[in-house]
> 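So that we are looking at the same thing, I have put the structure below in C-alpha cells.
Order of the sequence lines sets the chain letters (A, B, ...), proteins ahead of strands, with each chain counted from 1.
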Amino acid sequence: MRMFLNFVRDAYNNIKRNVLMSTASIASVVAALIIMGIVLVIAINVSYIVQEVESNLQMKVYLNDDITDHRVSEIGTYIQNNSHITEMKYVSKEEALKEFASWFDSSEETLLKGYTQTGNPLPRSYVIKVDNADNLSAVYSTIMEYDGVADVVYGKEYVSVLLKFNNLINTISLIVVAILSAVSLFTIYNTIKLTVYARRNDVEIMRYVGASNSYIKIPFIIEGSVLGIIGAVAAVLLLRGGYTMMIGLMQLNSVLPLSTSLAPFSAVMYQITTYFLLYGLIIGAAGSYFSVSKFLKGNVK
Amino acid sequence: MIKFDNISKVYDGNEQYALKDVNIHIKKGEFVFLVGPSGAGKSTFLRLILKDFNPTYGKLYLNEVDVNKLKNNEVQHLRRRMGVVFQEFKLLEGKTVFENVAFAMEVLKRDSRTIKKRVSYVLEIVGLNGMEERYPQTMSGGERQRVAIARAIINGPEILICDEPTGNLDPRTSFGIMKLLENINTLGTTIIMATHDKQVVDSFNKRVLILQDGVIRGDRQGGYFY
C-alpha cells in the first residue's frame, strides 16, 4: 500500500514537473475524444431514432371480406403464435369506419353518413407490432401466405433506408473510433517517451540499484492513466455542455425534424462518460506501457 | 571475484574494438584504478561488469558465475550487489538528500524503519549528517558526490563501480572523496574506479590498469598514472 502511494505521489509529481508536456498530452486526448464524442452522439441518436421507429412500427394485415369469422380468429391465432410479434390488435369494420371518421372534422361527418353497416367498404384488419425492424420482411412474407389475407402494409422502403443509414453510421463510427484510438495512443506513447527520456537519469539509477522492470514501469503507467482520465473527464464536460446547448437549440427551432427525436441527455451522457473514462484509462496505460517498455528494451542489452 | 576471460567488445554498427582480448582478475577487497585516455575502453569495461550489455567474445565471471548467461531477473539481483558512482552524480533533483539515498532501499522494498536507520548511519559515514532535508541543487559538487556515494553503498554492495567520481571536483574536494572511498574499501567493498586524475592515482598507491585503444597496456600494483 505504501509503495502504491509512493507510485501515485511520484506520478503526480512528474505530471506537475512536466506541466507543458502533460497539458499537450491531455489536450490531444481531449481533442480525439471530442471528435469521437460527436460521432458517438450522432450514432447513439441514429440508433435511438431507429429504436423509436421500430417500437412504433405498425404493420396492418387487411383481411378479405368474404372469409368467415372463424377464419378471422384462426388468422389471429397464427399471428399471435409468431415469436417476432409483440402486440396485436383486431380492428373490426365498425372500428375501422370510426377511425376513418375521426380523420374528418364534424362539418365533414355527413360525408360518411351514407355508409351503413352493410355498405361499409372498409376491411377487417389486424394491427400488429414487430420486435425488430430487421424481421419485418420475414413477418410480411409469412402473413401474406395465409388464406384470407388481402394485403399486408408497412413502410417498407422507409424502413430499409433507415436500416441502411443506421448501419452506415455504425460503420463510420467504428472507423473514426479506430483511427482516433490509434492517434491518441500514439500521442500518449510519444508524450510518455519524452517524459521517460527527460527522466532517463531516474530510470538509469533505478536499473543500477537493481529495481525490477515492473517497479520502473508502474509510475509511468499510472502517469499515463491519470493523463488519459483527466483528458476523458475534460472531454465529457465539454461534450456535456455542447449537447445541452444543442438540445436547447433544437427545442427552440422546432421546425427541425430531429427536434423531438434527440436521445435524452442522461442516456447519451451516461454511455459516453463510461466509455470515455474506460477509454482514457486504457489508452493512457497502454501508451505508457509500450513507451517505457521500448525505452527499457533499448537501454538494457 | 571478477574475471575477464579473453573479453572483446565491438559495438553494433562499429568495426573497431572497444575492448580487445582482455584478461583480468580482480580479487575481493581490491581497490583498482582504471586509467587511459578518452575512448580507451574504460566505460565499456565498467558497463560490462554492470551487465549493461554482453561482451562480443569471451566470458565474464562474477564470483565464478558466467554473467552472460544470467536471465533478466538474475541481472537485477546481480546489480543489487553493486553500487555505482558517476562523474555527473546523477541525483534526483526533486528529492531531498534523505530521499535520494533512501530511494535505493525503497526499490528493494525495505521497510521504512530499516531505511531510516540505515540512511542516518550511511550519511554519517560520508560526512553528511544533518543535511538530510537539503536538496542536491543547493549543495556543492563534493557534497553531491558524497550523496551519490551514500546511495551507492546504502545496500552494502560487494563491488563499488566509480566512473570518474572526481572528474567534476577540485583537487581538495577530490582528495576528500578519495579518502572516503578508501575507507569504504577498508570495510571490505571491492572498488573499481575509472579516472583521468593523475594526482589521485599517484597519491593513493593502488593497483592500476592502463587501457589504451581497448587493450590492457599495463597492470601494476602500487602503480602510477602512465
> Would you give the length of the straight line joining atom OH of A:Y215 to atom CD of B:E106, rounded to the nearest 0.5 angstrom?
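If I round to the nearest 0.5 Å, the distance is 5.5 Å.
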> Do other residues, nucleotides or ligands put more than 12 heavy atoms under 6.0 Å from A:Y289 OH?
no
> Nearest 0.5 angstrom please: B:K90 NZ to A:R200 CZ, how far?
8.5 Å
> Mark yes when over 12 heavy atoms from residues, nucleotides or ligands other than B:K59 sit less than 6.0 Å from its NZ; otherwise mark no.
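No, not enclosed.
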> Should the heavy atoms of other residues, nucleotides or ligands under 6.0 Å from CG of A:N135 be counted, would the total exceed 12?
yes
> Just do the side chain to side chain contact (heavy atoms under 4.5 Å, CB included) check on B:L108 and A:V209 with the steps written out, would you?
CA-CA 8 Å; B:L108 305 189; A:V209 296; 5.8 Å; no
> Flag yes if more than 12 heavy atoms outside B:Q137 fall under 6.0 Å of its CD atom; otherwise flag no.
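Buried by this count: over 12 neighbours within 6.0 Å.
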> I'd like to know whether OH of B:Y11 has more than 12 heavy-atom contacts from other residues, nucleotides or ligands below 6.0 angstrom.
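Enclosed.
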> Please round to the nearest 0.5 Å and tell me the distance separating atom CD1 of A:I205 and atom CG of B:L91.
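Taking CD1 in A:I205 and CG in B:L91, the distance rounds to 6.5 Å.
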> Is the count of non-hydrogen atoms from other residues, nucleotides or ligands lying under 6.0 Å from B:D12 atom CG greater than 12?
no
> Taking side chain as everything from C-beta outward and backbone as N, CA, C, O, which of these in B:R151 sits under 4.5 Å from a heavy atom of chain A? Side chain, backbone, both or neither.
side chain
> Can you tell me how far apart OG (A:S212) and NE2 (B:H77) are? Round to the nearest 0.5 Å.
9.0 Å
> Does the side chain of A:Y208 reach to within under 4.5 Å of the side chain of B:V107, using non-hydrogen atoms?
no
> Identify the heavy atoms of B:D52 and A:R207 that sit nearest to each other, and give their distance.
OD1-NH2, 3.1 Å
